[in-house]
2 protein chains.
Amino acid sequence: MTTRTDTKEKILDLAEALMQEKGFGEFSYAHLSAELNIKNAAVHYHFPSKEDLGKAIIERAGQRFLDWCQQESMQQVTAKERLSAFMDVYYRQNLERGIRLCLVGSSAAAFPALPPGMQQEVLAMTSQILEWLARTLEEGRENWEFNFNGSARAMAGVFLSAISGALQLSRIGGESFYAATVQQLWNQLVVKT
Amino acid sequence: MTTRTDTKEKILDLAEALMQEKGFGEFSYAHLSAELNIKNAAVHYHFPSKEDLGKAIIERAGQRFLDWCQQESMQQVTAKERLSAFMDVYYRQNLERGIRLCLVGSSAAAFPALPPGMQQEVLAMTSQILEWLARTLEEGRENWEFNFNGSARAMAGVFLSAISGALQLSRIGGESFYAATVQQLWNQLVVKT
DNA sequence: TAGTTTACTTACCAGTTAGTAAGTATCTTT
DNA sequence: AAAGATACTTACTAACTGGTAAGTAAACTA
């Protein structure tokens, strides 16, 4: 079975981008329909409520993250290379597109205003990311690639807080702020060779 | 000369709290006026546009920060105690009030949607904070209270990113996430005695 | 005490928000 | 070829948004 149209995916792509650029509460069905040259009722056809739309955005992104970290090429590289790839895909690339936030940062900032069903999806996705980060950091520490004290889970919290925060603050301080901050974070973590 | 009413200050207090709780774009003149038992036109009397209101919120908070870090008692304590006080006033306390974000984090997340005049105020306030942090970190390093490599300015960027990010992510992960993350950050920075 | 300023209220407005009900063209299945 | 599902459009709504113009009561000033 083939889908005749890809309107639903296009809506999700655009909504996700707008969420990173402006926040979930700062774009409307009218924004989506205007840009896609459809009527706002067409968006409601695919996503009856904004909660449905929000849930779908996060659900898809969460699945994409799982696919990404379970892909074959990921299993063959070191923890340091995996963490570097993570930062490139989920942070560095957003910087190049007009400083989009990561979905975790965007969701966290607007969390109390998000529909309940969406909050649950955000929690699930964030937990997945934090667990992957903790596993990666722990493995890197055992391989003498990373150097840090305390639990890998706590370090994962610091790392995710710092990079999502740095992406946000670089909207104020510019790309140079992001570059300097992430470099400092990386230097603190990585064992010099 | 005494002011007869304090409506203007009450509006600022409430607007600041709402900005930390929900974000600048997520509260309205109607929210403010309803809670203060006045009409929305009364809010417009004191702050004609939302840009005026936003500028006033940040301007006042920036001045409050300057007053705070220039107060007499601050000059008499060590860098470590000053940094600890900063985290208590500007972060720990927000956690206790339903996880309000700091104004820097709230502003950064919504930055592209903020009125231009407000963006300028946010930049000024953030610069003040980063400069103070860099000075404090540098002084603490010279006193053997803190231990870090690289420039104090870069470390200040990591520190501010991490704590503002941790406050946001604790909306997802709860207070325990904040506690664990900030403890890890502190342990990495502070020289053990 | 008359005039002016301050701090509002009353009563609007045009634009935007998420959401809905009913209709239509096109494809798929029987 | 008929019946049903799919993917929309047309046309609408009630609630809310930031913002304004005109009026008013009380306080301050000349």
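Labels below follow one simple rule: chain letters A, B, ... track the order of the sequence lines, proteins then strands, and each chain is numbered from 1.
- As rounded to whole Å, 10 Å separates atom P of D:dG18 from atom CG of B:Leu53.
- Between the C1' atom of C:dC8 and the CG atom of B:Asp6 lies a distance of 14 Å, rounded to the nearest Å.
- Put simply, CD1 on B:Ile38 is 21 Å from P on D:dT24, counting in whole angstrom units.
- For the pair B:Tyr45 and C:dC8, the criterion of a side-chain N or O lying under 4.0 Å from OP1 or OP2 is not met.
- Atom CG of A:Asn37 and atom P of D:dC8 are 13 Å apart (whole Å).
- For B:Asp52, the side-chain hydrogen bond (donor to acceptor under 3.5 Å, both in side chains) partners at least two apart in sequence or on another chain are B:Ser49.
- OP1 or OP2 of C:dC8 lies within a sub-4.0 Å distance of a side-chain N or O belonging to B:Thr7.
- As rounded to whole Å, 12 Å separates atom P of D:dG19 from atom CG of B:Leu32.
- Per the geometry, CD1 belonging to B:Ile11 stands 11 Å off P belonging to C:dA7, to the nearest Å.
- Applying the ring pair (Phe, Tyr, Trp, His ring centres under 6.0 Å) criterion to A:Tyr91, with sequence neighbours excluded, gives A:Phe86.
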Protein within reach of the bases, or only the backbone? For nucleotides 15-21 of chain C, mark each nucleotide 5' to 3' as B, S or -, using heavy atoms under 4.0 Å. --SSBB-
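- In this structure, A:Ile172 is not a member of the same hydrophobic cluster as A:Leu101, with clusters built from ILVMFWY side-chain heavy atoms closer than 4.5 Å.
- Sequence neighbours left out, the pairs with a member in residues 70-85 of chain A that pass salt bridge (charged side-chain N to carboxylate O under 4.0 Å, His left out) are A:Arg82-A:Glu139.
- Counting only residues at least two apart or in different chains, salt bridge (charged side-chain N to carboxylate O under 4.0 Å, His left out) contacts with residues 17-40 of chain A comprise A:Glu21-A:Arg100.
- Residue pairs meeting the salt bridge (charged side-chain N to carboxylate O under 4.0 Å, His left out) criterion with at least one member in residues 168-191 of chain B, sequence neighbours excluded: B:Arg92-B:Glu175.
- The CD atom of A:Glu9 sits 13 Å away from the P atom of D:dA7 (whole-angstrom rounding).
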